[in-house]
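Encoded as structure tokens, the structure appears first; notes follow it.
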Amino acid sequence: MKKFLKILIGLVIFGAILFGVYKLLPEHPQSIVKSIVQPVFDSRAKTLIQEVQGIKNKDLNDMTYKEILEKNNGMTAWVYEKEEGNTVEHVIFYGKGAGVNLKDYPDYNGLMSTSAQVKIDFQVSGTSVDIIPYIDGKIMYKSDAKYKDENEKLRKDLMSQLANGIRAD
């Protein structure tokens, strides 16, 4: 019995250490771990992630968001999050190493990167999906309704660059 308790206590301590290391990881590496484990234990997460990955983008010859986002990004991860008491569900894509050129957008200081960290938050509410992009931790979206056209133009340009590579101009 003592041997069993020693093994059990050792496993609990080992699990606590692993969990502590996981919590200390930055957002992107933590999301990679979560993207591996989450679909195994959460069927809702697996289903919604697959649905979002399969959404076709009409502006890019009906490419799916999985094809668009994973093409020029390394170390990709897809995770599911749901806020307590909120009907909005989030499927979040994380990628690293993408090339983006946003020199035509002065609000973003002419951002150009050949190795950007990309985070795309797909906010799912019923049948509606809002796409909120982040580049290198900076949100590329203005929440005010008067910026709807500008947000849409930026999103289209960004998705095009993620699918086809960085604009050279």
Whether [X] side chain and [Y] backbone form a donor-acceptor pair below 3.5 Å:
{"X": "Asn101", "Y": "Lys103", "value": "yes"}
{"X": "Glu67", "Y": "Thr64", "value": "yes"}
{"X": "Ser160", "Y": "Lys156", "value": "no"}
{"X": "Asn151", "Y": "Lys142", "value": "yes"}
{"X": "Asp144", "Y": "Tyr147", "value": "no"}

Is there a continuous path of hydrophobic side-chain contacts, each under 4.5 Å between heavy atoms, that joins [X] to [Y]?
{"X": "Tyr94", "Y": "Val91", "answer": "no"}
{"X": "Ile49", "Y": "Ile55", "answer": "yes"}
{"X": "Phe19", "Y": "Leu11", "answer": "no"}
{"X": "Ile36", "Y": "Met75", "answer": "yes"}
{"X": "Val79", "Y": "Val52", "answer": "no"}

Can you tell me if Gln38 and Tyr80 form a side-chain donor-acceptor pair at under 3.5 Å?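 Distance-only check fails for Gln38 and Tyr80.
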Could you check Gln53 against Trp78 for side chain to side chain contact (heavy atoms under 4.5 Å, CB included), going step by step and ending with a plain yes or no? CA-CA 9 Å; Gln53 287 175 335; Trp78 294 82; 3.1 Å; yes
If you take all heavy atoms of [X] and [Y], which pair is closest and at what distance?
{"X": "Lys82", "Y": "Val88", "result": "CG-O, 4.2 Å"}
{"X": "Ser35", "Y": "Ala77", "result": "OG-CB, 3.6 Å"}
{"X": "Val100", "Y": "Ala116", "result": "CG2-CB, 4.1 Å"}

Which distance, rounded to the nearest 0.5 Å, do you find between the [atom1] of [X] and the [atom2] of [Y]?
{"X": "Asp157", "Y": "Met140", "atom1": "CG", "atom2": "CE", "answer": "12.0 Å"}
{"X": "Ser143", "Y": "Lys148", "atom1": "OG", "atom2": "NZ", "answer": "14.5 Å"}
{"X": "Leu158", "Y": "Leu69", "atom1": "CG", "atom2": "CG", "answer": "8.5 Å"}

Go through the structure and list residues passing side chain to side chain contact (heavy atoms under 4.5 Å, CB included) with Ala98, not counting sequence neighbours.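 Ala98 satisfies side chain to side chain contact (heavy atoms under 4.5 Å, CB included) with Asn73, Val118, Leu162 only.
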Tell me every residue that passes side chain to side chain contact (heavy atoms under 4.5 Å, CB included) with Ala163, counting only those two or more places apart in sequence or in another chain.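 Testing Ala163 for side chain to side chain contact (heavy atoms under 4.5 Å, CB included), a comparison that skips the adjacent residues, returns Leu60, Met63, Ile68.
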Donor-acceptor contacts under 3.5 Å from residues 126-138 side chains, at least two apart:
residue	atom	partner	partner atom	Å
Asp136	OD1	Gln117	N	2.8

Does a side-chain heavy-atom distance below 4.5 Å link Asn72 with Gln161?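 The answer is no, as the side chains (C-beta and beyond) never meet within the 4.5 Å cut-off.
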Begin from the C-alpha positions of Asp121 and Glu81 and carry the test side chain to side chain contact (heavy atoms under 4.5 Å, CB included) through to its verdict. CA-CA 10 Å; Asp121 183 358; Glu81 294 178 6; over 6 Å; no
Over 12 non-hydrogen atoms of neighbours within 6.0 angstrom of CG in Asp62: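 Enclosed.
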Dump the intermediate steps for side chain to side chain contact (heavy atoms under 4.5 Å, CB included) on Leu48 and Val124, then the final yes or no. CA-CA 9 Å; Leu48 194 60; Val124 181; 4.3 Å; yes
Report the residue from Lys66, Glu70, Lys119 that forms a side-chain contact (heavy atoms from CB on, under 4.5 Å) with Phe93.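 Result for side-chain contact (heavy atoms from CB on, under 4.5 Å) with Phe93: Glu70.
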Can we say Arg155 and Glu152 salt-bridge, meaning some charged N sits less than 4.0 Å from an Asp/Glu carboxylate O?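 Salt bridge flag = yes for Glu152 with Arg155.
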